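Beneath this line is the structure, given in structure tokens, with notes to follow.
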There are 2 protein chains.
Amino acid sequence: MQISELARRAGVPVATVKYYLREGLVPPGELTGATRARYGEEHVQRLRLVRALLGPGGLSVARARAVLAAVDSPDTSVHAALGAAHRALPGVGSEGPADLDRARALLRRRGWRVAGDSPALIALAAALEALRAAGAAPTDALLDRYAEAAGRIGEQDVAAVPTGSVAEAVRFVVVNTVLLEPVLLALRRLAQEDASRRRFPDNC
Amino acid sequence: MQISELARRAGVPVATVKYYLREGLVPPGELTGATRARYGEEHVQRLRLVRALLGPGGLSVARARAVLAAVDSPDTSVHAALGAAHRALPGVGSEGPADLDRARALLRRRGWRVAGDSPALIALAAALEALRAAGAAPTDALLDRYAEAAGRIGEQDVAAVPTGSVAEAVRFVVVNTVLLEPVLLALRRLAQEDASRRRFPDNC
DNA sequence: CGACATTGGGTAGTGCCACTCTCTAGTGTT
DNA sequence: AACACTAGAGAGTGGCACTACCCAATGTCG
């Protein structure tokens, strides 16, 4: 298939496909001449994945490239792929102070062990610091309940990883890590809406 | 206090404070002359809140303005404020198709009742559709467990709303809705990291 | 064979966003 | 009187994700 069909199949403008090719988000097609290349079904899939990462996943082109690099690299371990996905996710760059102590204390209470420079740990510390600065520091009890719910989810995310091939597992981990985030946030909002409707039935 | 001290106290460049004033994210100070205005402690707080919403909260200036409008409006009900916050959050604009049927079925299974045009519902449907397009559609079982965990969190978010004044409750709801999202995402990633370390100890 | 559309590849332009700079006229301070 | 600072507003900046255009080469159809 040629680029115009590839673009049509994936629902992306041709110019944008070319852009993704240039940026290395999509592998080049098989050249059949100086001005022809052949693309396959896997390119359609890849293009859809790219669009999902950039749109709903909320990744920038640069971060998507890093995520896809982990998916592509054949010698990644599953744990390393998860780390790569976490590193590629937007997580409040190391700007400003962060409430690392509180974040570490929370982990200790739950018995979680993570890398000392885990990007997720830094993101948590930054988010806690932002809440503090905004004058809305959450209580430990609230954080613990959040952590308990998050623990259940993370546990199941990892349990659901397929055991077939490493490559398949890596793709699963990376895609689900990124694309289930909007699902989780949407579900939280829906739960809030339902609970709010019940607690504040009319005009409170 | 003058603008330079306000900027220093909040850790924001003077030019940026002026920009926020122009954009209506921060209320104007009390004019004491043609080229002087006085700012108070509440301006420092507001500025910190704005920075938290724009940075860790991940809101655009336009969305932050909408969120803050709900906080400022004195006649908002708590439920309406939550709706305003949800509407202001980035939730995958109504572009492309969405898996509304699956989203509605999920809500039905949990017994949640939400507005038919709830932005969170649309966000969920769009996220599910993105997963499907990326060839990584989650199982119903996984979604249900996500929803159960999210339900616990949403329940507690609403339960934690203070009952003092409506204005206080509105601010609490809006700030927590936005700023606890990065906390939840970070906790999920940390739980994944811990679980992954346990399941894939070495190089799997 | 020749007219015509299409392609790969590259460069440059677009629109948006969140600032950031600069300017003007005015004000408080020394 | 000299100077630093201010409010307010317009213009400029840099980054990003495209998007439009151009070229020579190629395939296709009559």
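Keep in mind that what you see is a predicted model, and the values were worked out from it rather than measured.
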### Query
For the pair made of CG in Leu47(B) and C1' in dA18(C), what is the distance, rounded to whole Å?
15 Å
## Note on the structure
Leu21(B) CG to dA18(C) C1', in whole Å, measures 15 Å
### Query
Within the side chain of Arg145(B), is there an N or O that forms a donor-acceptor pair under 3.5 Å with the backbone of Gln156(A)?
no
### Task
Output every pair passing side chain to side chain donor-acceptor pair (under 3.5 Å) with a member in residues 166-185 of chain A, not counting sequence neighbours, ordered by first then second residue.
Glu181(A)-Arg189(B)
### Query
CD of Glu23(B) versus P of dA7(D): gap in Å, rounded?
17 Å
So which protein nitrogen or oxygen atoms get under 3.5 Å of nucleotides 3-6 of chain C's nitrogens or oxygens?
| residue | atom | partner | partner atom | Å |
| --- | --- | --- | --- | --- |
| dT6(C) | O2 | Arg36(A) | NH2 | 2.9 |

### Task
Let me know the distance between CG of Leu25(B) and P of dC17(C), rounded to the nearest Å.
14 Å
Side chains of residues 127-140 of chain B: which donor-acceptor partners sit under 3.5 Å, not counting sequence neighbours?
| residue | atom | partner | partner atom | Å |
| --- | --- | --- | --- | --- |
| Glu129(B) | OE1 | Arg132(B) | NE | 3.2 |
| Glu129(B) | OE1 | Arg132(B) | NH2 | 3.2 |
| Glu129(B) | OE2 | Arg132(B) | NH2 | 3.2 |
| Thr139(B) | OG1 | Leu142(B) | N | 3.1 |
| Asp140(B) | OD1 | Arg102(B) | NE | 3.3 |
| Asp140(B) | OD1 | Arg102(B) | NH2 | 2.8 |

### Task
Just jot down the salt bridge (Lys or Arg N to Asp or Glu O under 4.0 Å) partners of Arg9(B), sequence neighbours excluded, or say none.
Glu41(B)
## Note on the structure
Applying side chain to side chain donor-acceptor pair (under 3.5 Å) to Tyr146(B) and not counting sequence neighbours gives Asp157(A), Arg188(B)
### Query
Between the side-chain atoms of Lys18(A) and the base atoms of dG10(C), is any donor-acceptor pair under 3.5 Å?
no
### Message
Checking Arg65(B) now: which residues fulfil salt bridge (Lys or Arg N to Asp or Glu O under 4.0 Å) with it, not counting sequence neighbours?
### Response
Glu23(B)
### Task
Take atom CD of Glu5(A) and atom P of dT7(C), then tell me their distance rounded to the nearest Å.
10 Å
### Task
Check the distance between dG28(C)'s C1' and Met1(B)'s CE and give it to me in whole angstrom.
18 Å
### Query
How long is the line joining CG of Leu6(B) and P of dC5(D), in whole Å?
16 Å
## Note on the structure
Contact string for nucleotides 10-20 of chain D, one letter per nucleotide 5' to 3', B = base within protein heavy-atom range under 4.0 Å, S = sugar-phosphate only, - = neither, reads B------BBB-
### Message
Which residues pass the salt bridge (Lys or Arg N to Asp or Glu O under 4.0 Å) test with Arg22(A), not counting sequence neighbours?
### Response
none
### NZ/NE/NH1/NH2 to OD/OE distance under 4.0 Å, Glu148(A) and Arg152(A)
yes
### Task
Applying salt bridge (Lys or Arg N to Asp or Glu O under 4.0 Å), name anything that partners Arg110(B), two or more places apart in sequence or on another chain.
none
### Interatomic distance, Glu30(B) CD vs dA7(D) P [rounded to whole Å]
13 Å
